[in-house]
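Below is one structure; the comments refer to it alone.
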Amino acid sequence: MKGHFITFEGIEGCGKSTQIELLANWLSARNISVICTREPGGTVLGEQMRALLKNGTVDTFFSPRAELLLFESSRAQHVDEKILPALQAGKDVLCDRFFDSSLVYQGSARKISRSDVEFLNNFAAGGLVPDLTILLDIDPEESLKRLSLRGENIDRFEQESLQFFEDVRGGYIELAKKNDRFLLIEGKQSKEDIQNAIRREYISRFE
Ligand code: TYD
């Protein structure tokens, strides 16, 4: 038996982590085994790469190709060490970001060609594709507002401009329009309404 691989995407502050937690609780209550994980990271090695990727400021020179390769390296480790074994054991895997993030952050926003990112995504994922991708869409202005309310240390990505996040959001919407595996949800709704939409989608796709 194979579990379902469900990824969550959206710009910072869109509410992914809340929705992942609510979905995991619901699945567990229905006796479905589930693990939650994230990218970059998810493994000991991957979390070290995550620190390298997030450190510094927006002015730190980080070659876009080096950045992409590090995300892909973290992904390859994550797929082989954690995601595939869990799916093969019949568990559902809920992942906070996966290769669509590379397509929109390194592709649409940092302007690396789509075909290069697609090639590396496929290579790093070893051909694995999510069964369902939830895109929580919010306005970048709302995102920046939510980030400043959080008041935590702002990382290298969170210091990017409004234009950067507009490019990311545009890339996501384009992907969602072209791919049946996406469910696009308006992130302004209440967290209960968003969660209900996700649960309805899970039932209609997988049960
Ligand atoms: P994180 O703190 O996990 O952001 P969030 O809480 O918004 O998910 O930081 C991950 C950052 O890395 C986030 O800004 C998006 C970026 N990212 C990429 O640029 N490319 C990728 O392939 C991935 C997985 C993340």
Side-chain angles (χ1 to χ4, degrees), residues 5-21 23 36-43 45-58 60 62-79 82-83 93-114 116-126 128-130 133-172 175 187 191:
F5 182 31
I6 305 173
T7 59
F8 290 74
E9 299 280 354
I11 59 176
E12 356 296 278
C14 69
K16 289 181 276 100
S17 32
T18 306
Q19 294 303 327
I20 289 172
E21 196 184 326
L23 185 63
C36 301
T37 188
R38 67 172 181 185
E39 288 206 352
T43 63
L45 207 53
E47 290 294 325
Q48 290 172 329
M49 299 186 209
R50 177 186 179 88
L52 290 175
L53 282 159
K54 291 184 53 145
N55 283 347
T57 71
V58 75
T60 308
F62 203 141
S63 156
R65 294 193 323 286
E67 182 185 270
L68 172 61
L69 289 168
L70 202 46
F71 277 116
E72 299 293 4
S73 181
S74 157
R75 180 163 302 132
Q77 185 69 27
H78 194 202
V79 168
K82 192 165 180 185
I83 300 177
V93 175
L94 310 186
C95 191
D96 190 337
R97 299 189 179 282
F98 193 61
F99 61 22
D100 298 306
S101 283
S102 295
L103 275 171
V104 298
Y105 283 80
Q106 282 64 54
S108 312
R110 298 251 199 260
K111 315 292 182 204
I112 296 181
S113 83
R114 170 176 299 260
D116 284 345
V117 181
E118 279 174 347
F119 172 80
L120 291 167
N121 276 350
N122 182 55
F123 180 73
L128 179 69
V129 178
T133 299
I134 308 293
L135 171 58
L136 297 178
D137 180 51
I138 61 165
D139 192 307
E141 305 227 20
E142 176 64 22
S143 158
L144 293 178
K145 228 185 285 167
R146 291 186 188 182
L147 281 182
S148 66
L149 286 179
R150 265 190 206 167
E152 294 159 5
N153 290 339
I154 300 287
D155 71 36
R156 197 168 65 83
F157 283 93
E158 291 163 350
Q159 294 166 18
E160 286 289 352
S161 62
L162 193 58
Q163 183 60 52
F164 182 91
F165 291 110
E166 302 274 9
D167 290 346
V168 169
R169 183 196 199 187
Y172 270 137
L175 278 180
K191 67 175 190 234

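Note that the coordinates shown come from a computational prediction; the quantities given were computed from them, not determined experimentally. All ligand and atom numbering here is 1-based and tracks the order in the structure.
- Nearest non-hydrogen protein atom to atom 2 (O) of ligand 1 is Lys54 NZ, 2.3 Å.
- Side-chain contact annotation: Glu118 with Asn122, donor-acceptor N/O pair under 3.5 Å absent.
- The ligand atoms of ligand 1 that sit less than 4.0 angstrom from a heavy atom of Phe157 are 11 (C), 12 (O), 14 (O), 19 (O).
- Taking every non-hydrogen atom of Ser102 and a distance limit under 4.0 Å, the qualifying atoms of ligand 1 come out as 21 (C), 22 (O).
- Residue Gln106 is tested with Glu72, Arg65, Glu67 for a side-chain hydrogen bond (donor to acceptor under 3.5 Å, both in side chains); the sole match is Glu67.
- Under the 30°/60° scheme for interplanar angles, the aromatic rings of Phe164 and Phe157 are found to be tilted.
- Closest heavy-atom approach to atom 4 (O) of ligand 1 within the set Glu9, Arg97, Arg156: this belongs to Arg97.
- Atom 18 (C) of ligand 1 has its closest protein heavy atom at Phe71 CZ, 3.1 Å.
- At a heavy-atom distance under 4.0 Å, only side-chain atoms of Arg75, from C-beta outward, approach ligand 1.
- Once rounded to the nearest 0.5 Å, the distance linking OG of Ser101 with CD1 of Ile11 reads 11.5 Å.
- Residues Asn121 and Arg75 are in side-chain contact: their nearest non-hydrogen atoms beyond the backbone lie under 4.5 Å apart.
- Across Lys16, Gln106, Arg50, His78, heavy-atom proximity to atom 3 (O) of ligand 1 is greatest for Arg50.
- Checked against a 3.5 angstrom limit, the closest N/O atoms of Glu12 and ligand 1 fall inside it.
- Considering only non-hydrogen protein atoms, atom 10 (C) of ligand 1 sits nearest to Pro40 CD, 3.8 Å.
- Here CZ of Arg146 is found 8.0 Å from SG of Cys14. Values are rounded to the nearest 0.5 Å.
- With ring centers used as reference points, Phe5 lies under 6.0 Å from Phe98.
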